[in-house]
**Student:** 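Have a look at the structure that comes next, please.
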Protein chains: 2
Amino acid sequence: MTAQPGRRRDAAATRAALLDAAATLFAERGFDRTTVRDIAGQAGVNQALLFRYFGSKDALFEEVMARGGREHLAATTPENLFDASLRSMLEPADSGRRNPALETYLRSTGSDNASAAIRREVGEEYARALATLTDAPDAELRADLALAWLLGIGLVREITGTEPLASADPDHVSQLVLTAVRTLLERTG
Amino acid sequence: MTAQPGRRRDAAATRAALLDAAATLFAERGFDRTTVRDIAGQAGVNQALLFRYFGSKDALFEEVMARGGREHLAATTPENLFDASLRSMLEPADSGRRNPALETYLRSTGSDNASAAIRREVGEEYARALATLTDAPDAELRADLALAWLLGIGLVREITGTEPLASADPDHVSQLVLTAVRTLLERTG
DNA sequence: TCCGGTTGTAAGCAGCTGCTTACAAAGCTA
DNA sequence: TAGCTTTGTAAGCAGCTGCTTACAACCGGA
């Protein structure tokens, strides 16, 4: 991972390497527990470049969060969003099929800096997508509640590790949750 | 709050003051963002005493978490636990009617030190209480899911501040959630 | 060829963190 | 009163944090 003579002096590649390293580490450890030295180290780059290309750790986090959230939203229809996100939460952590945006969101909830704003924005975009699934007048509130459950399940399963939820069968969990959520997000028509 | 000549040399009172200050600050800011200097300052006590009486910041957190969680559990019947905890989550932050144990749990999820163990223990005690509400064979899993929802709602409402959930009417939210949770926690008899 | 901006590096700064140590005073016991 | 333990304080240590600065190497254009 050390800077190779072959790809030296390539600003775009360096920036991208920092962004990728940051996305990985923020998802694994959250904002507070990821240091700029960690990120630069994983990218194989001097840490001063992080500040040259992004200005601050906060600004880098914003860019990571915005990119990750919008990628996932753009790739998933609202009808599949809840199910896909729930499935992603229930995947084993090392499967690589997890949604890094949700993971990052979850592990960075302790921080109250500028990153809070972009977290809220991404959350509200998810909620707006989910709100299209019901024609109830309080659709957005119902969507927030569904999203809250998703995040809560991720919290208990991944971070706290409460049993039996932490190692429960994804199909079983999915069935229980989807049944209950149907009372929230359903069309009357 | 500064040490008064009147109550000087009272080990029990000093210990209690540290414990109370820690409970307040951990609930407000979480584990990582509360410093031992903050705690000692709020208790009006030299910070070296924190280490004399509790050994480490981790150990102090454990004692706070264990005390707070068990107090609330002992004071609430399982039938009321979900509703009471949900109501507590929906209270305004400054109302003083919040449950500090849930708050602390929520704001300390970023930390992966020794405090993770006591968090899990308290979580599992809550889940065991909720599990008595249904006679389904997967009662504990259902209880974990209900608890996850509770925590998720607290997360979105308090920490992220997503609208419209953050400022929604507690009665309205409560009605939506309880309806959905009834598909999880209900007796067939 | 030399010049000037771009890219990369090494070193360090100020501030904060949990925790420790050396010491002063208070108060019980004999 | 003398001595010992308990309680409290002031100062500081080592390590880490985000971020900055001074400087070297590179490279395209004149």
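Order of the sequence lines sets the chain letters (A, B, ...), proteins ahead of strands, with each chain counted from 1. In this text, all values refer to a predicted model and were calculated from it rather than measured experimentally. Only heavy atoms go into these numbers, but all of them, side chains included; no hydrogens, no water, no symmetry mates.
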**Student:** Is the backbone of Leu165(B) close enough, under 3.5 Å, to the side chain of Asp144(A) for a donor and an acceptor to pair up by distance?
**Tutor:**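 Yes, the answer is positive, given that a donor and an acceptor are paired below the 3.5 Å cut-off.
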**Student:** Expressed as a whole number of angstroms, how long is the span from Leu49(A):CG to dT6(C):C1'?
**Tutor:**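 One finds 11 Å between C1' of dT6(C) and CG of Leu49(A), rounded.
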**Student:** Run the numbers on Leu184(B) and Thr134(B) for side chain to side chain contact (heavy atoms under 4.5 Å, CB included), then give the verdict.
**Tutor:** CA-CA 8 Å; Leu184(B) 277 179; Thr134(B) 175; over 6 Å; no
**Student:** May I have the distance from Lys57(A) (atom NZ) to dC19(D) (atom P), rounded to whole angstrom?
**Tutor:**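 It is 8 Å, rounded to the nearest whole Å.
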**Student:** For residues 42-56 of chain B, which residue pairs pass the salt bridge (charged side-chain N to carboxylate O under 4.0 Å, His left out) check, not counting sequence neighbours?
**Tutor:**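 As it turns out, there is no salt bridge (charged side-chain N to carboxylate O under 4.0 Å, His left out) pair with a partner in residues 42-56 of chain B once direct neighbours are skipped.
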**Student:** If I take atom CZ in residue Phe51(B) and atom P in nucleotide dG8(D), what distance separates them, rounded to the nearest angstrom?
**Tutor:**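 To the nearest whole Å, that distance equals 16 Å.
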**Student:** Are any of Tyr53(B)'s side-chain N or O atoms less than 4.0 Å away from OP1 or OP2 of dC19(C)?
**Tutor:**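 False: Tyr53(B) side-chain N/O out of range (4.0 Å or more) of dC19(C) OP1/OP2.
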**Student:** Looking at Ser56(A), does any N or O in its side chain come under 4.0 Å of the phosphate oxygens OP1/OP2 on dG18(D)?
**Tutor:**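 No.
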**Student:** According to side-chain contact (heavy atoms from CB on, under 4.5 Å), who are the partners of Gln47(A), at least two apart in sequence or on a separate chain?
**Tutor:**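 Partners of Gln47(A) under the side-chain contact (heavy atoms from CB on, under 4.5 Å) test: Val36(A), Arg37(A), Ala40(A), Phe51(A).
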**Student:** Report the end-to-end axis angle of the helix from dT1(C)-dA30(D) to dA30(C)-dT1(D); each axis comes from five terminal pairs, and the value is rounded to 10°.
**Tutor:**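 Roughly 20°, once rounded to the nearest ten degrees.
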**Student:** Whole angstrom is fine here: how far is it from CZ in Arg33(B) over to P in dT17(D)?
**Tutor:**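 Taking atom P of dT17(D) as the reference, CZ of Arg33(B) is at 15 Å.
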**Student:** Rounded to the nearest Å, what distance is computed from the CG atom of residue Asp10(B) to the C1' atom of nucleotide dC28(C)?
**Tutor:**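 Atom-to-atom, Asp10(B) to dC28(C), this comes out as 15 Å.
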**Student:** What is the distance, rounded to the nearest whole Å, between atom CZ of Arg52(A) and atom P of dA24(D)?
**Tutor:**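 Atom CZ in Arg52(A) sits about 15 Å away from atom P in dA24(D).
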**Student:** Who pairs with Thr76(B) by side-chain contact (heavy atoms from CB on, under 4.5 Å), at least two apart in sequence or on another chain?
**Tutor:**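 So Thr76(B) forms a side-chain contact (heavy atoms from CB on, under 4.5 Å) with His72(B), Asn80(B), Leu81(B), Ala84(B).
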**Student:** What pairs with Glu79(B) under side-chain contact (heavy atoms from CB on, under 4.5 Å), at least two apart in sequence or on another chain?
**Tutor:**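 Expected list: Thr77(B), Leu133(B).
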**Student:** Which side-chain N or O atoms in residues 17-31 of chain A pair as donor and acceptor under 3.5 Å with protein atoms at least two apart or in another chain?
**Tutor:**
| residue | atom | partner | partner atom | Å |
| --- | --- | --- | --- | --- |
| Asp20(A) | OD1 | Arg67(A) | NH2 | 3.3 |
| Thr24(A) | OG1 | Asp20(A) | O | 3.1 |
| Arg29(A) | NH1 | Asp38(A) | OD2 | 2.8 |

**Student:** Strictly below 4.0 Å: does Thr35(B) bring a side-chain N or O up to OP1 or OP2 of dC16(C)?
**Tutor:**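 Negative; the distance criterion is not met.
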**Student:** Please collect all salt bridge (charged side-chain N to carboxylate O under 4.0 Å, His left out) contacts where either partner lies in residues 155-175 of chain A, sequence neighbours excluded, each pair once.
**Tutor:**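 Passing the test, one end in residues 155-175 of chain A: Arg87(A)-Asp171(A), Arg98(A)-Glu158(A).
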**Student:** Anything under 3.5 Å between a protein N or O and an N or O of nucleotides 10-12 of chain C, put it in a table, one pair a line.
**Tutor:**
| residue | atom | partner | partner atom | Å |
| --- | --- | --- | --- | --- |
| dA10(C) | N7 | Asn46(A) | ND2 | 3.3 |

**Student:** Could you check how far CG of Asp58(B) sits from C1' of dC19(C), rounded to whole Å?
**Tutor:**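 To the nearest whole Å, that distance equals 12 Å.
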**Student:** Please report the distance, rounded to the nearest Å, between CG in Leu50(B) and P in dT9(D).
**Tutor:**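 From Leu50(B) CG to dT9(D) P: 13 Å.
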**Student:** Go through the structure and list residues passing side-chain contact (heavy atoms from CB on, under 4.5 Å) with Arg15(A), not counting sequence neighbours.
**Tutor:**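 Partners of Arg15(A) under the side-chain contact (heavy atoms from CB on, under 4.5 Å) test: Tyr53(A), Phe54(A), Glu63(A).
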